[in-house]
Structures are given as structure tokens and as C-alpha cells.
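Single-structure report; data block below.
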Number of protein chains: 2
Amino acid sequence: MNKREKLVIDQMVNGENYYYRSISVDNVIFGYHNRELKILLLKPLGMQRWLLPGGYVLKKETLDSAAKRIVRYRTMLKDIKLFQFKCFSDPQRNKDTYFTTSVLSEMAQSLNVKIDNTHWLLDDFISVGYFALTEFSLVKPRGDFYAEECQWWEVNSLPEMSFDHADIIREALLSLKMFTYHYPIGKELLPEKFTIPELQSLYETILNKKIDNRNFTKKMVSIGLVVKTNEKKKIGGHRSPFLYKFDNERYKEIISNGEVLIF
Amino acid sequence: MNKREKLVIDQMVNGENYYYRSISVDNVIFGYHNRELKILLLKPLGMQRWLLPGGYVLKKETLDSAAKRIVRYRTMLKDIKLFQFKCFSDPQRNKDTYFTTSVLSEMAQSLNVKIDNTHWLLDDFISVGYFALTEFSLVKPRGDFYAEECQWWEVNSLPEMSFDHADIIREALLSLKMFTYHYPIGKELLPEKFTIPELQSLYETILNKKIDNRNFTKKMVSIGLVVKTNEKKKIGGHRSPFLYKFDNERYKEIISNGEVLIF
DNA sequence: TCAATAGTGTCTCTTAGACAATATCGC
DNA sequence: GCGATATTGTCTAAGAGACACTATTGA
């Protein structure tokens with residue numbers, strides 16, 4: 001039995017001593033690759049539908065650290081930007097009876113743990129939604145005995161989600177959109193060097209609209225957010241785009257000033 | 001024994017059957033009067049410090065309806081705009097031992113209820129912060145046997161707050177400020193007819209900065225948010241200001257378009 | 001040489017932001 | 001008349017937004 005299994009067994013047996021009751025955290029982890037915005041999802045053994053990587057909150061930690069801990073476990077990343085965006089509390093949200101009656105109880109059985117109807121894991125939960133931004137290529141999605149599969153899904157073609165996780169994703173996308181109108185974005189999602197068309201494509205995906213490429217470049221350069229390098233990226237049968245970097249000082253400055261970016 | 005007391009007794013005895021564990025809601029209720037932004041606070045019998053009107057969440061309701069229910073109880077208002085803005089989960093936030101050891105236990109004693117150390121009310125709570133906007137003059141602050149005092153306090157001269165409620169208020173003010181940069185505000189806080197200087201003063205208070213009065217008027221009128229009436233408000237030894245109304249259609253339009261308002 | 005995508009400049013029009021003199025009102 | 005507050009217009013500068021042709025690459 002590995003460390004993770006031991007932890008889960010202890011969670012089931014003693015969890016209510018050190019976890020908050022009725023509170024969970026769900027993370028919408030955004031990555032960007034090949035001009036597609038992606039979300040990291042997992043699927044427990046025996047389930048048809050997919051889940052957001054989420055978990056419970058230790059009594060000795062904050063929601064932020066719970067979210068960070070869970071994200072770190074699934075992505076192996078230490079430095080990741082996390083944003084609390086909404087709580088989900090519709091009483092109907094917990095009514096995925098397949099999960100509670102089948103998946104949970106089978107898992108309990110396989111781990112040789114007894115859970116009855118008053119077990120804390122069967123309470124109704126209110127979930128706090130976080131979205132996270134990370135560079136796709138740094139992540140090694142990590143499944144385990146609970147999460148049979150753990151992989152990236154393109155935002156516009158997600159699999160069937162259980163609970164209200166489709167709602168949570170919808171809200172996360174909306175929050176990300178609003179966020180993008182008020183703060184620069186990209187440093188967390190793109191590699192260190194990137195091309196303007198890649199950056200523009202990211203903005204277009206998030207904001208869900210076309211942006212004029214001349215105006216976009218003009219703006220990004222004129223506010224000093226990005227800086228051209230001398231290198232080019234060779235990517236196939238057409239003119240090679242220049243690589244750009246973010247001006248980190250300016251990036252922070254724009255965030256702290258709360259300058260509004262309109263496209 | 002009145003209805004409210006019965007309810008509180010039942011909460012203490014049977015509450016864990018119908019309330020979520022470890023989750024509460026706290027409301028920062030904003031009102032505006034005499035050019036001052038105010039917050040509704042209450043003080044339980046025997047406490048030195050003040051509290052935000054908050055409460056627990058029924059398992060059969062959402063956080064939004066819990067917040068609305070609690071606000072309605074304290075203000076007697078049905079229609080009030082509520083915004084979830086942040087969760088507060090620092091484990092230290094529950095360490096106001098005076099409240100748990102003295103106030104709660106005395107209240108229990110006076111109501112003839114026993115509570116021991118494992119009682120659900122003594123759990124650590126994570127609180128969901130809401131801010132509410134309401135027209136000051138419509139509110140009848142309601143105290144009761146629990147909240148000895150219930151009254152408005154000017155935002156810039158608040159009394160000592162218990163728990164982390166001073167933090168919650170600080171965050172609420174910040175959220176209100178951000179909100180004001182992105183959505184029109186005023187309809188919820190001002191009477192139906194108001195003067196431009198009143199409206200401007202509201203904005204200056206929330207945004208915490210001076211605004212040029214010519215530019216302010218010009219902007220508000222040019223975007224169609226406010227409409228001049230023929231009436232004037234007679235208020236003392238100087239020129240009488242005109243009364244204005246909000247254009248409700250335009251107000252909604254601006255909200256749904258998410259138009260950015262910069263001052 | 002063709003298909004695909006990148007790179008680049010100009011003009012207009014709106015509006016943010018700076019700025020101060022005059023009008024009313026009550027005493 | 002005086003103290004207090006409300007009302008009102010113009011100018012400038014910045015930038016949002018519309019718009020299309022040329023350059024480069026690899027097959």
C-alpha cells in the first residue's frame with residue numbers, strides 16, 4: 001500500500017478530526033497549448049463522467065493553501081497562480097448519487113474501510129471554486145489509484161462532467177474573461193518566449209472574439225508589456241514570427257496599477 | 001419566550017441537523033446618508049466589540065439565499081442587491097475566545113440550553129463574505145435579544161470589531177471599489193431623486209479620491225445614466241441643486257454590457 | 001509559384017482630463 | 001453683501017478602432 005492510499009484511508013476513518021465539515025475546494029486549472037485553452041480533469045475508476053481536481057480543507061490551513069496543495073499534487077508544480085472566484089452551494093449540487101453510492105463505497109471497500117450514512121464524506125458539500133493558470137508544458141498530470149485518468153481537455157470540447165463541475169468551469173471561464181479585461185495575462189500560460197500571434201490567439205480564445213492584429217500588436221508593445229527579441233520561431237510553410245518576452249517589471253506594474261486593458 | 005428565542009434555542013439544540021457545519025455567512029451592508037457611507041453593525045449583549053450581521057446556512061438553501069435571509073431579518077428589506085465577494089478561512093479567525101467561552105455559553109445558559117466542547121457552534125467556521133447595497137432611509141435596523149444593539153456606523157469611524165470582521169469590511173470596501181469601476185452604482189444606495197453633488201460625493205467616498213465636478217457631470221449625463229428633472233432640492237444657504245433620476249433602462253444596459261466607467 | 005501566416009502604418013473620431021468664472025440661495 | 005455651494009464649456013492630447021497590402025517560408 002502506498003503513501004497516497006494510506007492518506008486516503010486515514011481521511012475516511014479520521015478525516016473529520018482534521019478536515020472542515022461540508023467544505024471542499026475545486027480547481028479549474030487552465031493550460032494553453034497549440035493555441036488551445038485546456039483544463040486539467042480527472043476520472044475516478046469506474047466513473048463515466050469526469051471531475052475537476054478538488055479536495056477537502058484542513059482545519060489548520062486556509063482555503064488558498066488547500067487549493068494550492070491540491071493543485072500541486074495533481075500538477076507537481078509549486079508556483080502556480082490561483083484565484084478564488086466563486087462558491088457553489090446549490091443543495092442539488094451533491095446529488096450525483098452514483099458517486100456517493102457506488103464510487104465512494106467501492107473505494108471504501110477496496111481499501112477495507114467502513115463508511116455509513118452519517119459519514120462526513122457523505123455530507124452535502126459547499127465548494128469553493130479556484131482557477132489556476134499554468135504553463136502547459138511544465139505540468140506532469142498525475143493520476144493515482146483514485147483518479148484513474150488525469151489529463152488535459154480542450155475547453156471547447158469537454159467530456160461529460162459530474163456534479164455541477166460543468167457549471168463551475170463555465171463560471172471559471174467567465175471569471176477568467178473578466179480578469180483578462182482588467183489584468184494582463186499570458187505570463188502564467190505561455191512559455192518564456194512566445195510569438196505575438198500566439199499571445200493574440202490566447203486573448204481571442206479567452207475573450208471569445210476576434211481582435212485586429214495590427215491594433216493588438218500596437219497596444220501590447222506601446223504599453224510596454226512585451227518586448228521583441230531578435231529570434232524567430234520557425235514553424236512551417238510561411239513567414240517566421242518573431243519571439244517576444246514579457247517585461248516583468250512592467251507586467252507587475254500594470255497588475256498593481258490595475259490598468260484596464262480593453263480590446 | 002418569543003419566536004426568535006425559540007429559533008435560537010432550536011439552533012443550539014438541533015442546528016446540526018439542518019445547518020451546514022463550519023460554514024457561515026457575513027454581510028457588509030452598505031447604506032449612504034448625509035454624504036457618508038455607512039455599514040450596519042450589531043453588538044451582542046455583554047460584548048465590547050461589534051459584529052457584522054451574519055449567520056448560518058441551511059442545508060436546503062444556497063449561500064445567496066442564506067445571506068439574503070439574514071439581511072432581510074436585520075433590515076426588514078426584501079429587495080436588496082447582494083454580492084458574494086470573498087471567503088475568509090484563516091484558521092486564526094475563530095480565535096475570539098471571549099465570544100465562544102463567554103457570550104455563547106452565557107446565552108446558552110440564559111436560554112437554558114447545554115452546549116459542550118464538541119458542539120457544532122464551537123467548530124471553526126469558514127465565512128463567506130457578502131456585501132449588500134441598500135437605501136439608508138428604507139432600513140429599520142433590528143436588534144433582538146442576541147443583538148443588543150444594531151445600528152449604522154460611518155465607514156471611516158468604525159467601532160472595534162471582533163473576529164476578523166475588520167478584515168472582512170476592508171475587503172468589502174475594496175470589492176465595492178472595484179465593482180464601482182466596472183458597473184454603475186447609486187441606484188441601490190440613493191433615493192429615487194438625488195442631486196449630482198450627492199452622487200459625486202458617493203463616488204468620491206467609495207473610490208477614495210476627488211473627481212472633477214465638470215467632468216463627472218458631463219460623463220454621467222453623456223452616457224445617459226442620469227436624467228435631469230425640473231425640480232430642485234432646497235438645502236440651505238446656497239444655490240439649489242437640480243434633482244436627477246437614474247434612467248433605469250440605460251442603467252441595466254450598462255450593467256449587462258459591462259461597460260467600464262473610469263474616473 | 002502557391003498556400004499559409006506574419007508584419008506593418010495611417011487616419012479618424014471619441015473622450016479622458018485639465019482648467020475657472022458665474023449663478024443662487026439664505027442669512 | 002457675504003459665505004457657501006451649484007452650474008456650466010472649451011481645449012488638448014491620447015488612444016480606440018477601422019482598414020489592406022507586402023513579406024517570408026516551405027512544399
Side-chain angles (χ1 to χ4, degrees), chain A residues 34-36 180-182 184 186 190 193-205 207-245 250 254 257-263, chain B residues 34-36 180-182 184 186 190 193-205 207-245 250 254 257-263:
Chain A
N34 283 139
R35 304 210 178 174
E36 286 179 337
T180 303
Y181 274 117
H182 304 309
L190 292 167
K193 291 175 184 174
F194 54 89
T195 70
I196 292 285
E198 281 167 355
L199 183 63
Q200 179 174 342
S201 170
L202 172 61
Y203 270 86
E204 288 179 338
T205 306
L207 300 178
N208 194 28
K209 71 175 180 188
K210 285 276 162 219
I211 303 173
D212 181 273
N213 59 345
R214 284 159 294 190
N215 293 337
F216 183 81
T217 311
K218 208 191 323 174
K219 173 131 194 175
M220 286 296 175
V221 172
S222 73
I223 62 177
L225 193 63
V226 298
V227 180
K228 201 183 208 167
T229 70
N230 290 324
E231 305 161 63
K232 292 186 175 187
K233 188 173 187 178
K234 294 220 188 311
I235 39 165
H238 55 80
R239 183 170 180 175
S240 302
F242 281 96
L243 285 166
Y244 283 72
K245 291 190 299 187
R250 185 68 186 123
I254 291 175
N257 291 358
E259 295 177 30
V260 178
L261 310 170
I262 298 174
F263 297 97
Chain B
N34 282 140
R35 305 210 176 174
E36 286 179 340
T180 304
Y181 274 117
H182 304 308
L190 292 166
K193 290 175 185 172
F194 54 89
T195 69
I196 292 282
E198 280 167 355
L199 183 64
Q200 179 174 342
S201 167
L202 172 61
Y203 270 85
E204 288 179 337
T205 306
L207 300 179
N208 192 30
K209 70 174 181 188
K210 285 275 162 220
I211 303 173
D212 181 273
N213 58 348
R214 284 158 294 188
N215 293 337
F216 183 82
T217 313
K218 208 191 322 174
K219 173 129 194 175
M220 286 296 175
V221 172
S222 73
I223 63 177
L225 193 64
V226 299
V227 181
K228 199 183 210 171
T229 70
N230 290 324
E231 307 162 61
K232 291 187 174 185
K233 189 173 186 179
K234 296 224 187 307
I235 38 166
H238 56 80
R239 187 169 178 177
S240 302
F242 280 97
L243 285 165
Y244 283 72
K245 292 190 299 189
R250 185 67 186 124
I254 290 176
N257 292 0
E259 295 177 31
V260 178
L261 309 170
I262 299 174
F263 297 97

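Within every chain, numbering begins at 1; the chains are lettered A, B, ... in the order of the sequence lines, protein sequences first and strands thereafter. Small disclaimer: the values here were computed from a predicted structure and weren't measured.
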Quick one: pull up [atom1] in [X] and [atom2] in [Y] and give me the separation to the nearest 0.5 Å.
| X | Y | atom1 | atom2 | result |
| --- | --- | --- | --- | --- |
| B:Glu231 | B:Lys233 | CD | NZ | 11.5 Å |
| A:Lys219 | A:Tyr203 | NZ | OH | 9.5 Å |
| B:Gln200 | B:Phe216 | CD | CZ | 5.5 Å |

Would you mind reporting whether [Y] and [X] have side-chain heavy atoms less than 4.5 Å apart?
| X | Y | result |
| --- | --- | --- |
| A:Thr195 | A:Ile235 | no |
| A:Pro241 | A:Ile196 | no |
| B:Tyr244 | B:Leu199 | no |

According to salt bridge (charged side-chain N to carboxylate O under 4.0 Å, His left out), who are the partners of A:Arg250, at least two apart in sequence or on a separate chain?
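Per chain and number, A:Arg250 pairs via salt bridge (charged side-chain N to carboxylate O under 4.0 Å, His left out) with A:Glu253, A:Glu259.
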Work out which heavy atom in [X] is nearest to a heavy atom in [Y]; give both atom names and the distance.
| X | Y | answer |
| --- | --- | --- |
| A:Ile254 | A:Pro184 | CG2-CD, 3.6 Å |
| B:Lys245 | B:Thr229 | CG-CG2, 3.8 Å |
| A:Tyr181 | A:Lys209 | OH-NZ, 3.5 Å |
| B:Leu202 | B:Gly186 | CD2-CA, 3.9 Å |

At 4.0 Å (heavy atoms only), tell me whether B:Lys233 reaches a base, stays on the sugar-phosphate, or touches nothing.
nothing
Could you tell me from which nucleotide to which nucleotide of DNA chain D, 5' to 3', there is an atom under 4.0 Å from chain B heavy atoms?
D:dG3 to D:dT10
Under the salt bridge (charged side-chain N to carboxylate O under 4.0 Å, His left out) criterion, do B:Glu204 and B:Lys210 qualify, and how do the steps go?
CA-CA 6 Å; B:Glu204 288 179 337; B:Lys210 285 275 162 220; 3.7 Å; yes
Within the side chain of A:Ser201, is there an N or O that forms a donor-acceptor pair under 3.5 Å with the backbone of A:Pro197?
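The answer is no, because no donor-acceptor pair under 3.5 Å joins these two groups.
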Base contacts versus sugar-phosphate-only contacts with protein, heavy atoms under 4.0 Å: please encode nucleotides 22-27 of chain C as B, S and - from 5' to 3'.
-BBBS-
So for the helix from C:dT1-D:dA27 to C:dC27-D:dG1, with five pairs setting each end axis, what is the inter-axis angle to 10°?
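Taking five pairs per end, the axes differ by 0°.
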List in numerical order all residues of residues 214-222 of chain A for which some heavy atom is under 4.0 Å away from an atom belonging to DNA chain D.
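Residues of residues 214-222 of chain A that come under 4.0 Å of DNA chain D are, in numerical order, A:Arg214, A:Asn215, A:Lys218, A:Lys219.
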Near DNA chain D, which residues from residues 197-204 of chain A have a heavy atom under 4.0 Å away?
none
Atom [atom1] of [X] and atom [atom2] of [N]: how far apart are they, to the nearest Å?
| X | N | atom1 | atom2 | value |
| --- | --- | --- | --- | --- |
| B:Ile211 | C:dT15 | CD1 | P | 18 Å |
| A:Asp212 | C:dG7 | CG | P | 14 Å |
| B:Asn213 | C:dA21 | CG | C1' | 12 Å |

Distance test, side-chain N/O of B:Lys209 to OP1/OP2 of C:dG17, below 4.0 Å:
no
Just to verify, which of A:Asp212, A:Thr217, A:Ile211 counts as forming a side chain to side chain contact (heavy atoms under 4.5 Å, CB included) with A:Asn215?
A:Asp212
